[in-house]
There are 2 protein chains.
Amino acid sequence: MSLSHALLGLLAVEPASGYALTKSFEESLGRWAWHAGHTSIYPELNRLAERGLVEVTAEGARGSRTYAVTAAGREELRSWLLRPPQQSGKVRNEEVLRMFLLSALDPGDARVVLAHIAENTAAGAAELREVRAAHAGGSFTGPEGFGQLAAEFGLRQYQAVHEWALWAIEQLDADPA
Amino acid sequence: MSLSHALLGLLAVEPASGYALTKSFEESLGRWAWHAGHTSIYPELNRLAERGLVEVTAEGARGSRTYAVTAAGREELRSWLLRPPQQSGKVRNEEVLRMFLLSALDPGDARVVLAHIAENTAAGAAELREVRAAHAGGSFTGPEGFGQLAAEFGLRQYQAVHEWALWAIEQLDADPA
DNA sequence: TACTGACATGTCGTTCTTGACATGTCGTGG
DNA sequence: CCACGACATGTCAAGAACGACATGTCAGTA
């Protein structure tokens with residue numbers, strides 16, 4: 001299961017509580033790579049702890065527990081990341097699905113949807129340019145690098161989709177058959 | 001559930017059997033937008049038929065049934081596609097997850113993974129350039145357009161990730177901290 | 001004729017995910 | 001001092017998805 005690796009990855013960069021991890025999923029990881037709510041995260045953390053891949057390193061206010069990866073967890077994460085990517089990874093993305101199904105609409109409707117996409121991706125790109133600026137100048141591994149690599153990735157992704165949408169509108173206009 | 005809309009979308013472009021839909025998921029839709037196996041597709045088709053969104057229009061050899069969307073199904077699909085995209089769409093993508101977790105590796109390992117990514121995306125882009133060439137010249141709505149829009153989308157996606165990987169390697173080389 | 005591989009559809013138990021519900025703490029502002 | 005919102009963790013039932021298993025047809029070929 002990939003959720004376990006997502007958690008190991010976040011904890012490998014920086015120890016955190018279940019609550020903090022949930023926030024990470026909401027704000028960055030979950031928007032791009034792997035969605036999960038707290039109802040999946042807490043039980044999974046307990047399972048990882050049972051398997052000895054993470055451990056509680058501190059307990060704070062309001063019953064919070066800070067988890068960190070163990071040596072075994074770090075090794076498991078490394079071997080997963082270096083494992084040759086087998087084809088047929090499960091992909092789920094509702095936004096991309098909408099784009100794939102555009103051809104099912106008549107050209108007028110398709111133009112509307114494409115215009116929405118172009119607008120949203122432009123807004124997203126603008127947002128990420130600010131994030132990137134805020135993270136600029138740090139090192140590229142560790143917590144700093146995480147933000148930078150991710151922001152740059154998302155930004156390029158948004159730009160690519162934005163340009164694709166503009167291209168598609170152009171095609172529709174040129175070929176109203 | 002998005003699976004139902006994926007099926008409606010494919011059938012709206014062109015009537016097909018469950019088997020043909022399964023192939024579509026394996027070859028294009030499932031690689032980019034929404035993964036599903038035949039064990040999800042067949043029961044869902046039956047459910048859609050019960051709800052009156054699709055219907056069997058022909059029965060062929062080996063017990064095959066060709067489905068087509070009904071007027072109600074087309075309306076449902078259209079309203080879903082035009083619906084304002086609410087934030088927090090569920091995303092799942094193991095490959096992207098790997099990219100997000102790169103910062104958890106030491107720079108040497110990260111370079112290896114990034115090199116793999118650069119290689120794979122270059123190969124994927126080359127493959128899609130051929131697909132695009134094969135689909136060139138048709139109309140942009142209907143079955144033809146589906147292939148063209150999708151191929152172009154995937155190609156740009158691959159290119160963006162490829163360039164991101166090269167950029168990331170450059171950053172690592174420039175900043176070996 | 002017999003074999004093989006693609007075509008074609010299905011069930012079933014296990015596992016995963018989700019949304020609703022539940023509980024309690026702590027800091028801030030009215 | 002009380003209310004509120006953020007912090008913090010959890011359970012549970014319902015629904016969805018996956019892998020393994022199951023069955024049968026049809027065309028080509030050895």
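Everything numeric here is computed off the predicted structure, so don't read it as measured data. Proteins come first, then strands; the chains are lettered A, B, ... in the order of their sequence lines, and each starts at number 1.
Note: CG (B:L7) to P (D:dA17) measures 10 Å, nearest angstrom. In this structure, B:E44 atom CD and D:dG15 atom P are separated by 14 Å, rounded to whole Å. With rounding to whole Å, B:K23 atom NZ is found 8 Å from C:dA6 atom P. Residue B:E26 contributes atom CD, which lies 13 Å from atom P of D:dC18 at whole-angstrom precision.
Annotation: salt bridge (Lys or Arg N to Asp or Glu O under 4.0 Å) contacts of B:R62 (sequence neighbours excluded): none. Taking B:R78 as the reference, A:D109 meet the salt bridge (Lys or Arg N to Asp or Glu O under 4.0 Å) condition, with sequence neighbours excluded. Not a single salt bridge (Lys or Arg N to Asp or Glu O under 4.0 Å) links B:R74 to another residue, sequence neighbours left out. Considering only residues two or more places apart in sequence or on other chains, A:H162 meets the ring pair (Phe, Tyr, Trp, His ring centres under 6.0 Å) condition with none of them. Residues forming a side chain to side chain contact (heavy atoms under 4.5 Å, CB included) with B:Y158 (at least two apart in sequence, or on another chain): B:R31, B:W32, B:T121, B:A125, B:L128.
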(request) Go along nucleotides 9-22 of chain C 5' to 3' and tag each nucleotide: B for a protein heavy atom under 4.0 Å from its base, S when only backbone or sugar atoms are that close, - otherwise. (result) BBB-----SBBB--
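Side-chain contact check for B:L11 versus B:L45: some heavy-atom pair is nearer than 4.5 Å.
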